[in-house]
Amino acid sequence: MSESLFSVETTFFADVILPVPIPRMFTYRVPRNFVDEIKIGARVIVQFGKNRVVTAVVGRIHQTPPEKYQAKYILELLDNEPLITQQQLWLFDWIADYYMCCVGEVMNVAVPSGLKVTSQSRIQINPDFDHAELLDEQEIGFLDILKNHASLTYDDAIKFVGETNINAMIKSLIGKHAIIMYEEVKEKYKPKIAKKVRLKRVYEGTEEVANLIDSLAKSAKQQMVVLEYLRQIPMHQLSERNQLGVDKALFTKGETSDSALNTLIERGVLEQFEVIVSRFSDDLPPEPVKIELTEAQQQASDEILTHFGEKDVVLLHGITGSGKTEIYIDLIQKVLEGGSQVLFLLPEIALTTQIVVRMKRVFGDKMGVYHSKFSDNERVEVWRGVLEGRYQFVVGVRSAVFLPMDNLGLVIIDEEHEGSYKQYDPAPRYHARDVGIMLGLKQGAKILLGSATPSLESYYQASTGKYGLVSLNQRYGNAQLPDIHLIDLKAERKSKTMKNDFSGTLCQHIEHNLENGEQTIIFQNRRGYSPYLNCQECNWIGECEQCAVSLTYHLDSKELRCHYCGHKEEIPRACPACGSGKIKTVGFGTEKLEDDLRIMYPTARVQRMDLDTTRTKNAYQTILGEFEQGNTDILVGTQMISKGLDFDRVSLVGIFDADRMIHFPDFRAAERAFQMLTQVSGRAGRREKKGLVLIQTNNTNQSLLHKVVSNDYMGYYNEEIKEREGYFYPPFTRVISITVKHEEQDKAEKAAHWLADKLLEKLGKARVLGPEKGMVERVRNKFLFDILLKLEKDKLNIKAAKIFLQEQIDAVMTQREFRGVFVVVDVDAV
DNA sequence: AGCACGCCGACT
DNA sequence: GTCGGCGTGCTC
């Protein structure tokens, strides 16, 4: 800020974004020594409240002193260059506005926590203190300890004193001015350090090395280390490459010994040094791959480019296995060559699969990967990499929309229909597809949405001509679409051919597959063993204490679990209500199917993949790896298995509980069911061989199922879009879901009614649904009431409606009688 | 969201 | 009489 040179007397203020859910910025004073360096988007450290020190981001710099209060000084400036670009700040505001939350909340999820500083209280002796007579025995003892340390953390102090509660003593000491407490602030991010060794410079010549080896003749181990070193760095390149050194770890295993290496270091033959390395090892050297598109792919690609000539967004509707990835890669290459950045979004689960490996091979270290299972440090490296221009291209999950890209040429959102692009908890409840589109539009980039089963929203936009539409109806290579059959469970029950929950038809095909060494996928979108336990005598059902839902029986972990709050309890041996031992499981989840399969086919290798078996970082890959290698015959899984995996030997897919998906009480049930069934079916028979899909149902007459069977997306779409239009649901309206919570049912209900009445008054009956009891009445001991707003996009000023809604929510919360009521707003709820 | 201040019950 | 329960209100 060079103006300061001309206006030495001017005081500058910075409005900063704090990581708190308060809907405004806070004004701090810029100390004179930062005036020249401070920039919008830089991080600063400020004191917030009495004893809190937090990282904030500068949102505005100005010269207007606040009228009503004295601004505090910024304590520290962390960046000389903005860490958050202008583009991002704009996006943060847009998200806060659109999704009705605070900018601070957006910042909180956007910025990796590794870029926030942590503060820790430290205790230090007051050097000016000379009133020892004021202290009691314990305090004198503590002060003695403190004399021997520059400072202590709270935890250290507890250890030294040997008591768990030292609050009182600390307070007393502060009161007597014997000690000082202060906040120590430090960056969380730690670069990864590699320990390396290299030959001292004097040995870099050929002759010198030869002499060195000779001189080590008596100590075989040391000689071996040097010879190993020379194997890594050939003699003739020694002088150029020696300075780069070799990983020290290389010598600690195998033939060479650590101690011999250390001796050589001590003797001054080798020297040890440290370098900062990337956490992303480039074990896959980029090989410039020329992507060969098939005729169909080439045509689709051309069409996409033509559409981009006049439209910003294009929807690529490509059936499963049509080879969308190649089209993406080709397009990405073109955009990168043009010097622009590319952002590629994928749902979480798809990111763990082959597609990333494939892209990494093509793009090498130009490509960054942003994943939620990455550690903080790893995320910081990707963030910095983007900022510094090392990554022109990022493949990532929904939160990758927050990366500091400001020169986007293309945003690709693959599997755009995926519900997991929507974040629910915590706020901001954003949809990464929509944020991605906004982000792209703002930067003048083109946006490509891809899916085999586009969301109604996107397809509607395409059908009205707002988005360009490109269809790929052919499977890649010789692959054929699978045959899909419905299995009539009613008929099978009548003819007594069911084995547990498996139809006889499905069993026959599984057996056939086992005999032929082909693989089977069993899909059941419900985890656990059974959704509840039921006493045969008194009809008792195991329920969660805190939520109004039954507890799911988990065989694996031998416990009952609540899928809403995570509560766990032991499995009762006898009925807790009547003492009867006749408790049975009702319904089935993935665990039961797995268990049944093991019993029915003892020699088959059965694996299960659901949330419970993929908790750890690599579990997902391990299970898939086993399956890919052919070490698994039958894979049982939830929707996790429906994404982006293609395996050659899967010739059969069995689908359970399709009916439950279709009849879920929610206006998106049909859409979700169609997408899920189609996606899962797509796992069958990828190359050469035609696959078979068997869908078990109690009602073979359901029109949606027939659309799945005949792979009739258009038929399904036309039917569903009529429904949506008739009942004023998206894409014809925007939906805002409002949940009112309170421990007391009565209070929650009254507050919900109060709010709904206000909304009704203003918006009219057709636009306000509810309040209704939550689908689950009580979660974590709070009663829930739902209100749904349906706001037309064309006839209504949605912005104004949102402002009105916020005002009314504030009004509810500030009312005495509704004290403690909590309201959650979810814009574009899915 | 934190965090301190503040006003009522069970303990040395 | 004190510790400490969590209700309420503020944070530049």
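Just so we're on the same page: letters track the sequence lines, and every chain starts at 1.
For DNA chain B, the contact window with chain A, defined by any atom under 4.0 Å from a protein heavy atom, covers dA1(B) to dC5(B) in 5' to 3' order.
We find that CD1 of Ile17(A) is positioned 17 Å from P of dC12(C), with the value rounded to whole Å. Residue Ile61(A) contributes atom CD1, which lies 16 Å from atom C1' of dC12(C) at whole-angstrom precision. Rounded to an integer number of Å, the gap from Gln47(A) CD to dC12(C) P is 7 Å. Between Arg24(A) atom CZ and dC12(C) atom C1' there is a gap of 8 Å when expressed in whole angstrom units. Residue His742(A) contributes atom NE2, which lies 10 Å from atom P of dG7(C) at whole-angstrom precision. We find that NZ of Lys68(A) is positioned 14 Å from P of dC10(C), with the value rounded to whole Å. Distance CZ (Arg52(A)) to P (dC10(C)): 16 Å, rounded to an integer number of Å. Between the C1' atom of dT11(C) and the CE atom of Met25(A) lies a distance of 16 Å, rounded to the nearest Å.
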- Message: If you apply the rule side-chain contact (heavy atoms from CB on, under 4.5 Å), what do you find for Val735(A) with Leu789(A), and how did you get there?
- Response: CA-CA 6 Å; Val735(A) 157; Leu789(A) 254 38; over 6 Å; no
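Legend: salt bridge (charged side-chain N to carboxylate O under 4.0 Å, His left out) pairs involving residues 87-111 of chain A, not counting sequence neighbours, sorted by first then second residue: Asp97(A)-Lys799(A).
Within 4.0 Å (heavy atoms only), Ile22(A) reaches at least one base atom of the nucleic acid. Using a 4.0 Å heavy-atom distance criterion, Pro66(A) is classed as making no nucleic acid contact. As judged by a 4.0 angstrom heavy-atom cut-off over every strand, Phe48(A) is placed among the base-contacting residues.
Applying side-chain contact (heavy atoms from CB on, under 4.5 Å) to His431(A) and the options Val830(A), Val401(A), Asp828(A) leaves one that passes, Val830(A).
Both tests pass for Lys802(A) against the ring of Tyr98(A): distance under 6.0 Å to the centre and angle within 45° of the axis.
Close to dC12(C), at under 4.0 Å from its OP1 or OP2, lies no side-chain N or O of Tyr69(A).
With sequence neighbours excluded, the residues forming a salt bridge (charged side-chain N to carboxylate O under 4.0 Å, His left out) with Arg60(A) are Asp15(A), listed by chain and number.
The pair Arg279(A)-Glu378(A) fails the salt-bridge criterion, with no side-chain N (NZ, NE, NH1 or NH2) lying under 4.0 Å from an Asp/Glu carboxylate O. Taking 4.0 Å as the cut-off between side-chain N and carboxylate O, Arg527(A) and Asp612(A) count as a salt-bridged pair.
Residue-to-nucleotide proximity on DNA chain B shows that, of Lys50(A) and Phe822(A), the 5′-proximal contact is made by Phe822(A).
Across dT11(C), dC12(C), dT8(C), the shortest atom-to-atom separation from the side chain of Arg819(A) is found for dT8(C). Comparing atom distances between the Lys72(A) side chain and each of dT8(C), dG9(C), dC12(C) picks out dC12(C) as nearest.
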